[in-house]
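Counting starts at 1 for both ligands and their atoms, following the listed order.
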Amino acid sequence: MEDALEPEKKRTRGLDTVTKIATSQSRAPAITARTQTQNQITAPKVPKKTGPRCSTAIAMVLKNQKSGPAVPAQKPGAAAPPMVGGRKPTKRPAWDLKGQLCDLNAELKCCRERTQTLAQENQQLQDQLREAQQQAKARGAECRTLEGELARVQAQAEQGQQELGSLRARVLELEEQQCTQEGLLRELQKEQLGLQEERRGLAARLEEQERRLQASEAALSGSQAEVASLRQEATGQAALLVEQGERLHGLEMERRRLHNQLQELKGNIRVFCRVRPVLPGEPTPPPSFLLFPSGPGGPADPPTRLSVSRCDERRGTLSGAPAPATRHDFSFDRVFPPGSRQDEVFEEIAMLVQSALDGYPVCIFAYGQTGSGKTFTMEGGPGRDPQVEGLIPRALRHLFSVAQELGGQGWTYSFVASYVEIYNETVRDLLATGPRKGQGGECEIRRAGPGSEELTVTNARYVPVSCEKEVEALLHLAHQNRAVARTSQNERSSRSHSVFQLQISGEHTGRGLQCGASLNLVDLAGSERLDPSLALGPGERDRLRETQAINSSLSTLGLVIMALSNKESHIPYRNSKLTYLLQNSLGGSAKMLMFVNISPLEENVSESLNSLRFASKVNQCVIGTAQANRK
Ligand code: ADP
Ligand code: MG
């Protein structure tokens with residue numbers, strides 16, 4: 001490296017360079033002149049030297065000029081030595097001093113010029129030398145600066161090396177990191193691909209969802225519009241409903257009024273006659289024994305009349321021939337000939353039963369001799385055949401169903417059932433359970449409270465009912481209770497009145513209306529009289545007492561009805577347990593229906609006529625306009 005050279009050497013070289021430059025500038029003519037001079041003047045050959053030695057040579061030339069053989073100086077204007085054959089002038093002859101002097105003067109002049117030139121040249125060289133020295137000095141300073149710079153650069157280089165090393169390590173580390181990052185990148189790219197795939201899937205799903213959403217929104221807005229219009233419609237409907245409700249209520253009240261009017265027109269006391277069919281094993285009565293003549297409207301009209309023909313054996317003719325049969329005609333609100341179905345019978349009383357829901361007390365009696373079909377009519381036939389279901393289950397089913405319908409108009413009804421029998425003027429609970437089952441005598445008829453009109457039977461069960469199953473269970477229980485009390489001699493059920501009472505309470509909270517009434521379904525004891533011709537044994541005495549009690553209570557019932565009909569001030573309710581228990585459901589605001597059950601057998605004609613006469617009397621009664629028990 002040139003800059004790294006030692007300063008001394010550099011200086012030397014710098015000088016050489018200067019010399020060379022000086023020589024090159026002016027050497028050619030100088031050397032040429034000197035060579036000529038040397039060749040001419042100096043005999044000994046001076047080794048050719050450059051640089052400082054040149055000045056020495058010049059000095060020697062000058063010396064030689066003084067001490068060496070004198071060259072005749074050629075005087076100005078003096079003739080130059082003659083030329084021989086065009087060659088170098090020959091040496092002036094010794095005698096030609098003048099010529100020689102002239103030559104020497106010429107030569108001196110030349111030397112002086114030469115000296116002057118050389119002095120100039122020397123001066124020039126010295127200037128150059130000074131300049132070179134200055135340059136060298138500057139170069140030295142520059143060199144030092146450069147050396148310092150070099151050192152600094154070296155230091156920097158070292159530092160750079162160190163940095164490079166650390167950078168290399170860093171690079172390695174980074175390469176490693178890059179490797180890891182690349183691996184990671186590859187994984188990420190793979191993951192990205194997966195994610196892109198997933199994204200595409202999701203985008204497709206999103207698109208689908210958006211499509212669906214749009215469809216849903218469209219549907220929703222459609223639905224909302226529909227809802228709005230439906231709401232509007234509903235508001236209209238609600239207003240209409242309120243209006244209809246008002247109208248319905250008005251109509252319901254009107255229906256009740258008209259229904260009641262109709263019942264009144266039909267009579268608040270009505271009597272239906274029902275003739276049971278001839279049972280298997282029973283003698284067939286003569287065809288003319290019972291007749292059912294058509295009403296004024298012909299056979300299409302439901303029968304209301306009954307004719308009983310009676311042959312009185314005691315009234316024989318003188319000739320011994322039997323007296324002609326006496327015809328007894330009866331007319332009732334309705335006559336049911338044998339073969340009338342249970343549902344037909346119920347159809348006729350359904351409206352009456354409904355009056356109980358409207359708040360009118362209702363009493364339905366079955367009157368007749370034992371075996372005439374009272375229990376069949378009230379409770380139903382044997383077995384669980386729905387065809388032979390009696391009035392009690394049918395009436396309750398009807399009430400439950402109508403109450404449910406009225407529920408739609410805001411009425412709420414509740415029903416409480418009780419079932420008692422009155423035997424020999426004692427009251428017994430037919431719904432008793434447990435140890436009380438079959439026991440009698442402990443029940444009493446009492447007012448529900450001081451000053452209360454309502455009557456209640458002490459120790460009797462009052463069971464809330466709301467469906468026909470519950471009613472079925474109660475009828476079954478009553479049947480069991482009767483069976484426990486039954487003895488072989490004494491068919492007690494025929495010798496007692498069974499009273500099924502249903503207390504109905506209705507409420508219309510919206511209008512603050514309440515109504516309550518009881519429906520009484522009474523299966524009366526057999527109305528047959530005791531045959532006075534029969535001998536009175538010990539058992540018969542009891543029977544007589546029983547019969548008297550029955551007859552007394554039945555005639556009391558008749559008397560009560562009569563008294564009510566005649567609007568007498570005193571109604572003899574207290575004369576029998578039956579009328580006492582039923583007092584709130586008889587008279588004034590009550591509606592009454594009596595079934596007179598008739599046996600189709602000729603042998604029972606006497607009892608049948610008795611029953612029919614009793615019923616006819618009842619049928620003639622009219623009890624004042626009924627008032628619904630509205631509170
Ligand atoms: P009562 O209660 O008046 O003593 P029942 O109701 O026990 O009379 O009837 C006596 C018999 O006649 C029973 O066997 C009953 O099934 C039957 N019976 C009553 N009425 C009818 C009728 N309408 N149809 C068929 N059988 C009847
Ligand atoms: Mg009976």
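Heavy-atom distances between G368 and ligand 1 stay at or above 4.0 Å for every pair. Using a non-hydrogen distance threshold of 4.0 Å, Q369 registers as a contact of ligand 1.
In this view, E347 satisfies the side-chain contact (heavy atoms from CB on, under 4.5 Å) rule with no residue, not counting sequence neighbours.
Proximity of H497 to L554: side-chain heavy atoms (C-beta onward) are separated by under 4.5 Å at one or more points.
Between R327 and S307, the side chains place a donor N or O and an acceptor N or O closer than 3.5 Å (distance only, hydrogens not considered).
Taking only nitrogen or oxygen atoms, main chain and side chain alike, K374 reaches within less than 3.5 Å of ligand 1. For the pair S340 and ligand 1, the shortest N or O to N or O distance does not fall below 3.5 Å.
Here the CG atom belonging to L241 is positioned 12.5 Å from the CZ atom belonging to R247, to the nearest 0.5 angstrom.
Aromatic ring orientation, F415 versus F400: perpendicular (interplanar angle above 60°, classes split at 30° and 60°).
T375 lies close to the Mg ion (ligand 2), since one of its N, O or S atoms is found at a distance under 2.8 Å.
The side chain of L279, and not its backbone, has at least one atom closer than 4.0 Å to an atom of ligand 1 (non-hydrogen atoms only; side chain from C-beta on). Only the side chain of R274 comes within 4.0 Å of ligand 1, judged by heavy-atom distances.
In the candidate list S498, G373, G383, G390, G373 is nearest to atom 8 (O) of ligand 1, counting heavy atoms. In this comparison of F376, F336, Y367, the heavy atom closest to atom 27 (C) of ligand 1 sits on F376.
Salt bridge status for E282 with R276: present, with a side-chain N to carboxylate O gap under 4.0 Å.
Short contacts between ligand 1 and T370, defined as distances under 4.0 Å to a heavy atom of the residue, involve ligand atoms 4 (O). Here is the list of ligand 1 atoms found below 4.0 Å of a heavy atom in P277: 21 (C), 22 (C), 23 (N), 24 (N), 25 (C).
Heavy-atom minimum distance, S452 versus A448: OG-CB, 3.9 Å.
In this structure, F500 has its ring center closer than 6.0 angstrom to the ring center of Y419.
The protein heavy atom nearest to atom 4 (O) of ligand 1 is G371 N, 2.7 Å.
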